[in-house]
Amino acid sequence: MLPSCLRAKFSLQTTSKWSRTLWSHDGVKAFTISSPSLRTNALLALPRSPFSNTFKSSFSSSSTRFSARNAQNDTLAAEKRFFSTNNSQPGGPVTLPILPPKSVGIWLMASSTLVLAIIVVGGITRLTESGLSITEWKPVTGIIPPISQAQWEEEFEKYKATPEFKLLNHSFQIEDFKRIFYMEWGHRVLGRLIGVAFVGPLLYFAVKKRISKPLATRLGGLALLIGAQGGLGWYMVKSGLDDALMETPGAVPRVSQYRLAAHLGLALLLYAGMFSSGLAIVKEWKYATGAKWMGLTTSAFNEALNSPAVMKFKARSWVLTGLIFLTALSGAFVAGLDAGLLYNEFPLMGGRLAPPRDELMSPAYAKRADGSDKWWRNIFENPTTVQFDHRVLAMTSYLGTTFLFLRARSMRAILPPLTRSAVTAAFAVVNVQLLLGITTLLHLVPVPLAAAHQAGSVMVLSAMIHILLTLRKPGAAARAWRALHMQRLNGGTKTQTKSTVQ
């Protein structure tokens with residue numbers, strides 16, 4: 001009995017029952033058909049997959065064409081050899097490449113958009129000092145906020161026991177508390193929404209065999225990271241609820257900047273994983289259905305990618321992407337230490353390019369008697385040094401992107417067209433991000449500007465990921481489906497001509 005994916009009428013005429021196709025990102029799922037006639041009919045039924053709208057136009061209508069099977073022998077034999085796991089044996093098993101449908105890519109990009117949203121909401125939560133308003137972590141029941149007045153009073157009493165209330169917000173009334181509570185509650189609910197929106201479709205696509213096991217495993221890893229992100233978020237909040245802050249002279253109730261940076265870093269990794277996978281799937285789908293790859297033919301793209309200049313350009317793009325990620329992480333330290341409220345001028349700091357050395361490397365931050373930890377504690381715990389480091393990293397990222405843009409213009413003859421467009425977009429985004437950063441600093445970190453600046457960092461990272469995607473070859477499944485598509489287009493034309501002559 002044929003597998004369910006091949007249960008289709010052995011005809012090229014349009015039917016209401018389309019055969020099911022097995023999909024994957026970069027894997028191949030093989031099935032064996034012992035009968036040569038069934039294998040031929042299976043190959044002829046392949047267009048009744050999600051590619052049917054594209055293939056159907058080339059193989060529409062007539063049963064007369066199907067009766068001309070002898071005229072298609074060469075084409076079908078080539079297809080058998082192409083998909084065979086043992087090309088040396090005629091009549092061997094047929095291998096069907098698995099390619100995720102476009103809907104998988106759209107779902108992943110929509111999920112990355114939700115991650116971008118929660119990054120921005122998280123930034124606003126930090127800027128409005130709302131993150132410590134909920135003193136417990138209830139992954140399931142916490143989705144329902146207080147409803148009755150008694151429940152609100154209970155939550156408020158819990159907040160009154162925190163260092164933040166005792167040291168900063170002791171004048172808060174319950175209405176003030178509700179404002180910051182809803183901000184943090186919205187942030188947590190959005191995190192739960194991301195988990196449901198990601199895990200649900202992932203299970204569906206995996207069960208329906210729309211994605212391969214390797215891709216399902218990678219996406220399953222992202223799902224685990226979503227759960228870990230929730231736990232890390234609570235671990236971060238706990239650092240701001242520690243009563244030891246009451247015993248530290250001059251302490252400010254806030255979360256650990258180390259845990260804040262880890263929380264943001266994991267969110268950026270989740271975003272990058274979803275965005276890059278989704279965009280790659282969409283591009284490979286278009287390529288498999290006949291579009292050019294990054295604006296070039298396959299042979300021209302391979303030739304360009306093997307060029308030493310392009311290889312060096314790609315390596316520089318990777319380095320710059322890492323630098324931009326590091327710059328975004330340094331921004332978490334700036335936020336965690338409120339370092340943006342110092343030296344609200346640009347490009348100078350206190351009338352000089354850099355603050356005094358003894359201020360950048362203050363011995364007051366060393367905790368060891370010998371002062372051996374002074375240098376790294378100043379880098380991560382001294383607000384002045386943290387802001388200076390963020391400025392240096394930001395300007396280096398900006399200059400690196402500018403250099404990449406100028407280099408792309410000088411390489412327009414060999415770079416793929418889509419790569420040149422992606423670099424131009426990255427240069428435009430990094431200019432906007434630089435202006436946002438300077439404006440945020442000069443205006444003492446207003447919430448709207450600071451939130452836009454945080455979103456801008458994700459946009460710059462997205463632009464760099466896009467550049468890297470334009471410098472990669474299509475996956476094996478996409479190449480296989482494209483080869484089949486082109487063979488069928490050429491074979492169909494020849495068959496139609498011969499049928500007309502007859």
Side-chain angles (χ1 to χ4, degrees), residues 110-134 164 168 176 178-194 229 232-233 236-237 240 252 254-255 257 259-272 274-275 324-344 346 383 386-387 390-391 393-394 397-398 426 428-464:
S111 298
S112 71
T113 303
L114 287 176
V115 175
L116 168 61
I118 202 172
I119 289 174
V120 175
V121 171
I124 297 174
T125 302
R126 173 69 189 88
L127 291 164
T128 56
E129 298 182 345
S130 305
L132 301 178
S133 58
I134 302 180
E164 183 177 72
L168 294 180
D176 301 313
K178 287 182 179 180
R179 175 178 53 82
I180 62 174
F181 181 95
Y182 275 126
M183 191 72 243
E184 172 64 9
W185 175 79
H187 180 59
R188 296 188 183 193
V189 169
L190 184 55
R192 292 177 174 90
L193 175 63
I194 291 173
Q229 178 73 325
L232 180 58
M236 176 190 69
V237 170
V252 178
R254 56 191 175 203
V255 299
Q257 70 271 25
R259 301 182 191 185
L260 177 62
H263 194 47
L264 175 62
L266 187 53
L268 292 175
L269 289 177
L270 280 169
Y271 175 84
M274 295 175 184
F275 178 77
I324 288 170
F325 181 82
L326 184 62
T327 304
L329 283 187
S330 73
F333 284 90
V334 173
L337 294 171
D338 292 324
L341 300 177
L342 303 174
Y343 292 107
N344 300 105
F346 189 86
V386 165
Q387 190 195 120
H390 186 62
R391 288 186 182 216
L393 288 170
S397 298
Y398 176 77
V429 172
V430 81
N431 274 280
V432 174
Q433 176 69 346
L434 178 65
L435 291 176
L436 283 172
I438 295 173
T439 307
T440 301
L441 181 68
L442 296 180
H443 290 82
L444 298 176
V445 197
V447 173
L449 282 176
H453 185 52
Q454 183 155 337
S457 67
V458 183
M459 292 295 97
V460 175
L461 182 62
S462 304
M464 291 306 305

*Sequence neighbours excluded, which residues qualify as side-chain hydrogen bond (donor to acceptor under 3.5 Å, both in side chains) partners of Q229?*
H263
*Identify the heavy atoms of T128 and M183 that sit nearest to each other, and give their distance.*
OG1-CG, 3.9 Å
*What is the minimum heavy-atom distance between G131 and E184, and which atoms define it?*
CA-OE1, 3.4 Å
_Run the side-chain contact (heavy atoms from CB on, under 4.5 Å) test against L269 and tell me which residues pass, sequence neighbours left out._
F325
Please list, one pair per line, the donor and acceptor atoms closer than 3.5 Å that link side chains of residues 116-125 to other protein atoms, with sequence neighbours excluded.
residue	atom	partner	partner atom	Å
T125	OG1	V121	O	2.8

*Tell me, please, which residues at least two apart from R259 pass salt bridge (charged side-chain N to carboxylate O under 4.0 Å, His left out).*
none
*List the atom of A452, the atom of Q433, and the distance in Å for their closest heavy-atom pair.*
O-OE1, 4.4 Å
*How long is the gap from CG on D176 to OG on S133, to the nearest 0.5 Å?*
12.5 Å
*Of all the heavy-atom pairs spanning F346 and R391, show the shortest one and how long it is.*
CD1-NH1, 3.7 Å
*Output the distance between atom CG (L435) and atom CG (N431), rounded to the nearest 0.5 Å.*
6.5 Å
*So which pairs with a foot in residues 428-442 pass salt bridge (Lys or Arg N to Asp or Glu O under 4.0 Å), sequence neighbours left out?*
none
*Any chance you could measure L264, atom CG, to Q257, atom CD, to the nearest 0.5 Å?*
13.5 Å
*Taking C-beta and beyond as the side chain, do E129 and R254 meet within less than 4.5 Å on heavy atoms?*
no
*Find the distance between CZ (R179) and OG (S130) and round it off to the nearest 0.5 Å.*
6.5 Å
*Determine the sole option in V429, L434, L436, V430 for which the side-chain contact (heavy atoms from CB on, under 4.5 Å) test with V432 is passed.*
L436
*Please report the shortest heavy-atom distance between G265 and L329, naming the atom on each side.*
CA-CD2, 3.4 Å
*Distance from I180 atom CD1 to I134 atom CD1, nearest 0.5 Å?*
9.5 Å
*Please answer whether the main-chain N or O of Q454 pairs with a side-chain N or O of S457 as donor and acceptor at a distance below 3.5 Å.*
yes
*Is a donor on one side and an acceptor on the other found under 3.5 Å between the side chain of N344 and the backbone of L442?*
no
*Qualifying residues under ring-ring contact (aromatic ring centres under 6.0 Å, His included), relative to F275, sequence neighbours excluded*: Y271
*Please report the C-alpha distance between I438 and L441 in whole Å, then the side-chain angles of each, then the deciding distance to 0.1 Å, and finally whether the side-chain contact (heavy atoms from CB on, under 4.5 Å) criterion is met.*
CA-CA 5 Å; I438 295 173; L441 181 68; 5.8 Å; no
*Interatomic spacing from CZ in R192 to NE2 in H187 - rounded to 0.5 Å*: 10.5 Å
*Nearest heavy-atom neighbours spanning L266 and L232*: CD2-CD2, 4.1 Å
